[in-house]
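One-based numbering, in listed order, for ligands and for the atoms of each.
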Amino acid sequence: MAMEQRVALTGFMGVGKSSVARHLANFLRCKRIDLDFFTEESEGRKIAAIIDDEGLDRYREIETQNLERLLEGTDARILSLGGGTWTIAANRDLLRAHGYTTIWLESTFEHCWLNITHSRKDRPLARDKQKARQLFEERQKLYCLADWHFIVRKGYSSYDLARQIVDQVFA
Ligand code: S3P
């Protein structure tokens, strides 16, 4: 892949998309942007508040609008998506149309769940473990559609993983 390529990180909640993105941007000395952060800034509300107040379907519309706005206005080469962004066909089309290569960070549900329970981020879709596990299982086939696939192993830091991505994807 050429050095100027842009990548978007996808994967389940708690897998570590944002921290891998941070390390990638440091290694590559380039700009990164987080879609959830962008959406919260532009909507003036937390994602959890949007989902709780307006429902998931409306949130997905808002997310797609923000993804489009972000892709049209940014020169960031590293983008971390929300855990559900890539599961929506319109979002996959937008990312491809803007030339982003997508990387799926995969881990076990238990690994993600551990991170979710240790994080301060309020995730409405991960308030119940059984429901979150079901969502995790349903989404595997969609995450699989990403261009690249990296496995987040136990004991592997996000720094190590970012290094591995640089070596393989940006080689
Ligand atoms: C979601 C994941 C969250 C956030 C929203 C919905 C999902 O982002 O976009 O709560 O559908 O998996 P993280 O994956 O960064 O937690």
* Asked: Do you know which of Thr10, Val7, Leu9, Leu145 makes side chain to side chain contact (heavy atoms under 4.5 Å, CB included) with Thr102?
  -> Thr10
* **Arg163 charged N/C atom sitting above Phe27 aromatic ring, 6.0 Å / 45°** => yes
* Hphob cluster co-occupancy, Tyr156 + Ile103, side-chain heavy atoms under 4.5 angstrom -> yes
* Find out whether Glu54 and Arg45 are in side-chain contact, i.e. whether some heavy atom of one side chain is under 4.5 Å from a heavy atom of the other. => yes
* Asked: Should the pair Tyr143 and Phe12 be assigned to parallel (<30°), tilted (30 to 60°) or perpendicular (>60°) ring geometry?
  -> perpendicular
* To do: Provide the full list of side-chain hydrogen bond (donor to acceptor under 3.5 Å, both in side chains) pairs with a residue in residues 82-98, sequence neighbours left out, each pair given once.
  => Glu63-Thr85, Thr64-Asn91
* **Contact residues of ligand 1, where a non-hydrogen atom lies under 4.0 Å away** => Met13, Lys17, Asp36, Ile47, Ile51, Tyr59, Arg60, Gly82, Gly83, Gly84, Lys121, Arg123, Leu125, Arg139
